[in-house]
Amino acid sequence: MSATTELRNLGGRGSTAKRQNKVAFWFLLPWFLGLFAITLGPMVASLVLSFTDYNLLQPAEFNGLENFSRMLGDARLHQSLGVTFTYVLVSVPVQLGLALGLAIVLDRGVRGLAFYRSMFYLPSLLGASVAIAVLWRMVFGADGLFNDGLALFGVEGRGWISEPETALGTLITLNVWTFGSPMVIFLAGLRQIPRMYYEAASVDGASRWRQFVSVTLPLLTPIIFFNLVLQIIHAFQSFTQAFIVSGGTGGPADSTLFYTLYLYQRGFGNFDMGYASALAWLLLLIVGAFTAVNFWASKYWVFYND
């Protein structure tokens with residue numbers, strides 16, 4: 001093949017690559033527009049507003065770090081942080097434990113696996129909806145179905161969502177109820193563990209519990225880590241449940257005042273959008289810190305085959 005023919009072929013391949021790049025660009029253009037207009041743009045705007053005094057009605061006025069210094073003396077902010085941390089640190093481990101337990105049961109070959117998998121996954125799709133939050137409020141109300149069930153056993157019920165001691169517990173229960181998504185992921189992870197490991201453990205005389213501790217858990221740690229990070233982020237973002245159950249107040253006595261709900265109240269209730277923007281960035285830092293700690297700690301307990 002002559003040098004002229006080779007150059008002509010190279011030029012043709014270059015033109016084809018350029019045309020393919022242009023086609024790819026036009027297909028990706030809607031995504032880039034959404035990224036800049038819906039995600040990055042509002043993020044930059046909120047960062048700028050976090051250093052201003054802005055009430056949505058008048059022009060924003062720069063006030064430096066005043067919004068962040070106000071947080072130190074904001075008692076309701078501290079309350080919302082306590083409520084949110086309690087919600088995350090209690091509901092996420094319980095939810096993942098329940099999801100893992102049911103995944104192990106289903107992995108043993110239950111008849112009608114597809115049906116049970118779909119039924120257990122359904123709450124994950126509906127749990128954050130307004131309809132389920134309204135239903136939850138009716139179930140745990142003073143005259144709700146939960147108290148009707150207790151009455152069958154001669155137990156006197158209470159207003160579970162109207163008393164500070166139990167209101168947050170009902171929301172934790174709601175989050176635990178949405179265990180379907182991590183359960184399906186756990187089930188997929190269990191199906192990837194080679195059976196020969198269990199056969200070898202059985203030959204060595206390992207019990208079911210020893211097989212779970214020495215084989216299942218170590219090989220499942222990447223999936224546990226993935227679910228843990230995802231569910232912590234999701235729990236920090238919870239809003240609808242607390243808003244509907246408490247009627248948007250975070251009551252009773254701020255016992256269900258999630259951080260996101262307090263942020264909403266400051267921004268759209270008090271029109272203190274500058275302070276609300278600062279709160280949003282504080283939430284980003286908190287979630288980022290939790291995620292970073294999880295990634296740092298993962299090297300001590302997450303096992304990878306490679």
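Values below: all heavy atoms of this structure, side chains included; hydrogens, waters and symmetry mates excluded.
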Are any non-hydrogen side-chain atoms of [X] and [Y] less than 4.5 angstrom apart?
X	Y	value
Asp272	Arg70	yes
Ile232	Thr291	no
Arg158	Glu165	yes
Asn147	Trp160	yes
Ile132	Trp177	yes
Leu145	Leu135	no
Phe186	Ile104	no
Leu228	Phe226	no

Worked check of ring-ring contact (aromatic ring centres under 6.0 Å, His included) between Phe258 and Phe236: CA-CA 8 Å; Phe258 284 5; Phe236 270 111; over 10 Å; no
Taking all atoms of both residues into account, what is the closest heavy-atom pair of [X] and [Y], and its distance?
X	Y	value
Leu257	Thr84	O-OG1, 4.4 Å
Pro182	Asn227	O-ND2, 3.4 Å
Leu190	Arg195	O-NH1, 4.5 Å
Ala235	Val92	CB-CG2, 3.9 Å
Pro164	Pro252	N-CG, 3.6 Å
Ser124	Ser181	OG-N, 2.7 Å

Any donor-acceptor N/O pair, [X] side chain to [Y] backbone, under 3.5 Å:
X	Y	answer
Tyr259	Leu279	yes
Arg137	Ile244	yes
Gln265	Gly248	yes
Gln79	Asp254	yes

Gln237 versus Thr260, side-chain donor and acceptor atoms under 3.5 Å: no
Tyr87 and Thr256 side chains, donor-acceptor separation under 3.5 Å: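 There is no such pair between these side chains.
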Evaluation steps, side-chain contact (heavy atoms from CB on, under 4.5 Å), between Ser246 and Leu261: CA-CA 10 Å; Ser246 69; Leu261 178 55; 3.9 Å; yes
In this structure, are over 12 heavy atoms from other groups packed under 6.0 Å from [X] atom [atom1]?
X	atom1	result
Arg76	CZ	yes
Met71	CE	yes
Tyr121	OH	no
Phe268	CZ	no

Evaluate the ring planes of [X] and [Y], with Trp represented by its six-membered ring, and classify them as parallel (under 30°), tilted (30 to 60°) or perpendicular (over 60°).
X	Y	value
Tyr300	Trp296	perpendicular
Phe68	Phe51	tilted
Phe120	Phe179	tilted

Is there a path of hydrophobic side-chain contacts, each under 4.5 Å between heavy atoms of I/L/V/M/F/W/Y residues, joining [Y] to [X]?
X	Y	value
Leu65	Leu77	yes
Leu187	Phe115	yes
Leu89	Trp301	yes
Phe303	Ile185	yes
Val203	Phe212	no

Enter the distance from [X]:[atom1] to [Y]:[atom2] here, rounded to the nearest 0.5 Å.
X	Y	atom1	atom2	result
Asp143	Asp148	CG	CG	8.0 Å
Ile233	Asn294	CD1	CG	9.0 Å
Met183	Gln95	CE	CD	11.5 Å
Leu282	Ser277	CG	OG	12.5 Å
Thr249	Phe243	OG1	CZ	9.5 Å
Leu171	Gln241	CG	CD	7.0 Å

Stepwise side-chain contact (heavy atoms from CB on, under 4.5 Å) check, Leu81 with Ile286: CA-CA 10 Å; Leu81 285 172; Ile286 292 173; 3.7 Å; yes
Derivation and outcome, side-chain hydrogen bond (donor to acceptor under 3.5 Å, both in side chains), residues Thr216 and Tyr197: CA-CA 9 Å; Thr216 305; Tyr197 293 148; over 6 Å; no
Derivation of the side-chain contact (heavy atoms from CB on, under 4.5 Å) call for Val83 and Leu168: CA-CA 8 Å; Val83 169; Leu168 181 59; 3.9 Å; yes
Matching residue for Tyr275 among Asp74, Asn67, Asp53 - test: side-chain hydrogen bond (donor to acceptor under 3.5 Å, both in side chains): Asp74
Residues Arg210, Asp204: salt bridge by 4.0 Å N-O rule: no
Trp136/Ile161 under side-chain contact (heavy atoms from CB on, under 4.5 Å): CA gap, chis, key distance, verdict: CA-CA 9 Å; Trp136 215 254; Ile161 63 172; 5.8 Å; no
